[in-house]
Amino acid sequence: MYTFARFEQAIREALLATNLINAADIDLGAPKAAGVQADLALPCFRSAKTRGSNPAQVAQELAAALQFAPDSLVASATVSGPYVNFNLNPQAFAKAVLADVQAGGATYGSSSKGNQRKVIVEYSSPNIAKRMHVGHIRSTIIGQAIANLYQRLGYEVIRDNHLGDYGKQFGVNIAATIRFGKPEGEGEAVLAAIEEQYKRYNLLMKGANPDDADYDPDAEVDLDDEARAWSLKLEQGDPQAIELWQWMVDLTKTANQPNYDRLGVQFDVQHGESFYKDMLDEIISDAGESELAERDGKAIIVKDLPDHRGKKLPTFLIQRSDGGTLYITRDIATIKYREQTYNPDAMIYIVGQPQELHFRQTFAISKALGYTDAELIHISFGTVFDAQGQPLSTRKGNMIYLETLLDEARNRAKALIEQKMSEGKTQLTADLIDHVAEQVGVGAVMYNDLYQDTKRNITVDWDRMLAFEGNSSPYLQYMHARCCSILRDFGELPASYDGSLLSHPAETGLLKELARLPQIIEEAAARYAPFVVADWLYATARAFSAFYDACSVLKAETPELRVARGHIVAATAQALRNGLSLLSIAAPERM
RNA sequence: GCGACCGUAGCUCAGUGGAUAGAGCAUUGGUCUUCGGAACCAAGUGUCGGGGGUUCGAGUCCCUCCGGUCGCGCCA
C-alpha cells in the first residue's frame with residue numbers, strides 16, 4: 001500500500017478504535033475550503049445524525065478520544081467546528097514517500113488492481129484514403145492515454161485501431177481513380193490527391209454547373225450508378241476493385257505511420273471495418289429474425305429499442321432497402337467478434353461526441369441480441385472549431401492536418417531552443433536539437449488535447465496549442481530537465497540518507513504531490529479522464545519549482561541535507577517521468 | 001419536437017454533496033551577481049447563465065427556463 005493510503009487507513013483505524021463512530025459515517029477527504037491547513041478532514045455531520053448529537057460536539061469527542069503512535073504517519077487531529085482535521089507527520093511522511101518512489105521506479109503509481117481483466121480500447125480510427133487531421137488527433141491522443149492508464153492499473157489492454165476502410169465512399173474512390181487515374185507520389189501528398197479526385201467526382205455526380213472550372217462533359221454519364229456499381233463490386237470481391245482498394249489501404253497506412261511514430265502510438269490490432277464483412281450476414285439474420293426488428297422489403301428497421309436506462313432510442317436501420325449494410329451493422333459485428341475472440345470485460349470507444357447516439361444504438365442492439373456481456377463505454381470528446389467558430393472542414397479550407405500541426409510545433413520549439421542556446425541558457429549538441437525540438441513541440445500539441453476535460457469543444461488557438469509557458473507540457477518537461485540538471489551536477493547520489501531532514505514547507509508540499517500519483521492514476525482511469533493526470537503533473541511541477549526556488553540542493557546548509565534533497569529531486573524526476581509517460585509525452589533530460 | 005454535452009474571473013479552464021469557489025493566460029508590482037528566468041513571489045476583479053426545489057449543507061443532485069455545440073431510418 002502506498003503512503004498516502006496508509007495515512008488514510010491509520011486515521012480510519014484510529015477512528016474506529018474510539019468506538020464513537022460507524023465505518024459508514026467516516027467520510028475522509030481533502031479539505032475544500034481555502035486556507036484550511038489539513039491533509040485530510042472528517043466532516044462530522046453524518047455521525048452526529050447517527051448519534052443524535054451535534055457535529056461540533058462529535059468532532060470534539062472524537063478528537064479527544066483519538067490516539068496515534070509516536071511513529072505514526074498522523075501527526076495531529078485538531079478540531080475546527082464540525083470538522084476533525086488531520087495532519088501528516090512530515091518526517092515520517094518524507095521517508096515513506098521517497099521509499100515508495102525508489103522502490104517503484106518507473107512503475108511507481110501503478111497497481112495490480114485490474115487483475116489482468118481485459119479491456120479493449122478503440123481509438124484513432126482514421127479513414128482510408130484521407131489524411132489525418134486535428135479531429136483524429138483527439139481520438140488518438142486521448143485514447144492512447146486512457147489505454148496507458150488501464151495498463152498501469154494491471155488490466156490487459158488491447159489497443160484497436162478501427163480503420164474506416166469500408167462503405168459507399170470507396171465506390172466513389174475507385175470510380176474516380178479509374179476515371180481520373182492513379183495519382184503519383186507518396187505520403188500525405190497522394191492522400192491529398194485522392195481526396196481531390198473524390199471531391200471532383202462528387203461535384204460531377206451532383207450535376208455541377210457547366211460553367212464551373214471543375215465541369216467535366218463526361219458528367220452526362222450516370223456517375224452515381226457507376227460509383228454504386230463499384231461499391232457493390234468491392235463487396236463481391238471483384239479483382240480490380242479489390243486491387244485499387246488495397247492500393248488505397250496500403251498508401252494510407254504508410255502515410256499515417258510517421259504520424260503515429262511521432263505521437264508514440266502503437267496498436268495491437270488494426271482491423272478495418274472490412275475485416276468483419278463475413279459476419280454481416282449472421283448479424284442481419286439474427287436481427288431480422290428477432291422481435292426487435294421489422295422488415296420493409298429488404299430493409300431491416302429497429303424501432304423504439306430501449307437503451308440501458310430504459311429510454312427509447314430513435315429508429316435505425318440494420319440493412320438498407322437495397323440489401324446493403326450500414327456502419328452500425330459492422331460495428332455490431334465488431335462487438336460480436338471481440339466477444340468471441342477476446343471475451344473482454346469492457347470495450348471502450350474513443351470517438352467524437354457527434355456519434356453519441358450511434359453508440360447508444362449500437363450498444364443497445366448488441367446487448368439485446370446477446371452478443372456480449374462486456375461493459376460498453378463510449379468516451380466522447382468535443383469538436384474542434386476555428387477561431388471564427390466554424391467547424392474545420394476540407395471544403396472550407398480551414399482544415400488543419402496532423403503532419404502540418406506537428407511540424408509547426410516542432411519548428412516553434414526549435415526556434416526557442418536556439419534562442420535559449422544563444423542566451424547561454426542551455427547546451428545541446430547539434431544532433432540533439434532536432435530530437436528535443438520534436439519532443440517538446442509534439443508534447444505541446446498532445447498536452448493541448450489532454451489538459452482539459454475531453455467533453456468540451458475546443459477552439460483552435462495556435463498560441464495556446466503551442467504554449468511553452470504556464471500549464472503546458474514544455475513547462476512540465478522543463479521542470480523535469482531541471483531535476484536532471486541538478487542530478488548531473490550532484491554527482492553520485494549516496495544510497496543512504498535521512499529523509500526526516502526534509503521538513504521545509506516547500507519540501508513537504510512537493511512530497512505531498514509525489515504521494516498523490518497512485519490515487520491520481522486510479523481516479524483518471526475511473527473517470528476516463530487523462531486531464532486528471534495533467535492536473536497532477538502541473539501541480540507537481542509547480543511544487544518542484546517552488547522547492548527549487550526556496551531550497552538549494554547543491555548548496556544545502558549541511559552535507560546530510562544536501563543528500564536528502566538530492567533524493568527528493570531524483571524522486572520528483574521519476575514521478576514526472578511516470579506521469580508524462582501516462583500521457584505518452586517525452587521527458588528529455590535537457591531542453 | 002425529442003435527445004446528448006457544455007455554461008464558473010476579461011480569455012482558456014479545474015472544482016464528481018462539506019468550511020472563506022481556485023489555476024493558467026492577460027494586467028500591475030516585486031524577486032534575480034541563480035542548482036538552467038520556459039522560473040518564483042505578490043496584488044486584484046466572480047449575480048458559479050436565470051428561477052424554483054431536495055438537504056444540516058448545493059458551483060456540484062432534481063425540476064424548469066435561457067444561451068451555445070451536436071445528433072435524430074437507408075453516409076461513416
Side-chain angles (χ1 to χ4, degrees), chain A residues 27 29 31-36 41 43-46 48-49 54-55 80-83 85 127 164 166-169 273 296 298-303 311-322 324-328 330-331 352-358 360-361 380-383 385 389 391 413 416-417 419-420 423-427 440 451-453 455-459 461 463-464 467-472 474-475 477-479 481-490 523 526-527 529 531-532 534-535 538-539 542 545-546 548-556 565 569 590-591:
Chain A
D27 181 24
K32 281 183 109 177
V36 176
C44 297
F45 304 98
R46 216 182 291 165
K49 201 167 196 174
N54 77 71
S80 170
Y83 299 90
N85 290 328
N127 292 318
Y166 201 101
K168 252 171 104 176
Q169 79 273 23
E273 289 179 70
D296 179 5
K298 283 186 184 173
I300 296 177
I301 305 165
V302 181
K303 287 181 180 166
K311 292 203 172 187
K312 286 184 176 177
L313 293 163
T315 303
F316 60 96
L317 273 73
I318 291 192
Q319 179 164 260
R320 300 196 306 242
S321 51
D322 67 359
T325 60
L326 290 146
Y327 179 40
I328 195 166
R330 299 184 288 274
D331 262 0
Q353 199 268 345
Q355 301 202 45
E356 186 264 349
L357 176 59
H358 163 76
R360 270 167 62 207
Q361 291 171 327
S380 76
F381 52 83
T383 309
F385 295 94
L416 187 59
I417 289 170
Q419 181 196 326
K420 295 291 173 189
E423 291 168 1
K425 286 176 179 161
T426 187
Q427 284 98 41
V440 173
Y451 84 101
Q452 67 184 48
D453 191 326
K455 286 196 281 289
R456 308 186 81 101
N457 292 338
I458 56 177
T459 300
D461 175 348
D463 289 332
R464 176 65 191 92
F468 291 168
E469 293 167 0
N471 189 1
S472 68
Y475 175 85
Q477 291 170 319
Y478 177 62
M479 288 306 154
R482 274 183 149 182
C483 289
C484 294
S485 176
I486 292 175
L487 293 170
R488 273 194 304 272
D489 293 343
F490 194 101
E523 186 195 337
R527 294 175 61 185
F531 80 84
V532 170
D535 263 0
Y538 184 53
R542 287 186 44 177
S545 199
Y548 181 93
D549 204 63
C551 307
S552 179
V553 177
L554 300 180
K555 294 176 194 159
R565 284 183 174 163
V569 172
R590 299 173 197 261
M591 59 186 277

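Every chain is numbered from 1 and lettered A, B, ... according to where its sequence line falls, protein lines coming before strand lines. Please read these numbers as outputs of a predicted model, since none were measured by experiment.
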For B/G18, take OP1 and OP2 only and decide whether either is under 4.0 Å from a side-chain N or O of A/R46.
no
Considering just the side-chain nitrogens and oxygens of A/S485, establish if one lies under 4.0 Å of OP1 or OP2 belonging to B/G36.
yes
Can you figure out which of B/G18, B/U8, B/C72 approaches the side chain of A/K32 most closely?
B/G18
Could you check whether the side chain of A/S545 and the base of B/C40 have a donor-acceptor pair of N or O atoms closer than 3.5 Å, going by distance alone?
no
Once pairs are restricted to Watson-Crick or G-U wobble with both distances under 3.5 Å, how does RNA chain B read as a dot-bracket string, [ ] for crossings and | for other-strand pairs?
(((((((..((((....[...)))).(((((.......))))).....(((((..]....))))))))))))....
Indicate whether OP1 or OP2 belonging to B/C5 is found under 4.0 Å from a side-chain N or O atom of A/R456.
no
Whichever of A/T315 and A/L326 has its nearest RNA chain B nucleotide further upstream toward 5'
A/T315
side-chain contact (heavy atoms from CB on, under 4.5 Å) involving A/Q319 - partner list, sequence neighbours excluded
A/I284, A/K298, A/I300
Between B/C13 atom C1' and A/D453 atom CG, what is the distance in whole Å?
10 Å
Any idea which of B/A19, B/G36, B/C35 is nearest the A/V553 side chain?
B/C35
For B/G57 and A/Y83 - does any side-chain N or O of the residue sit under 4.0 Å from the phosphate oxygens OP1/OP2?
no
Taking the six-membered ring for Trp, is the centroid-to-centroid distance between A/F468 and A/Y475 below 6.0 Å?
no
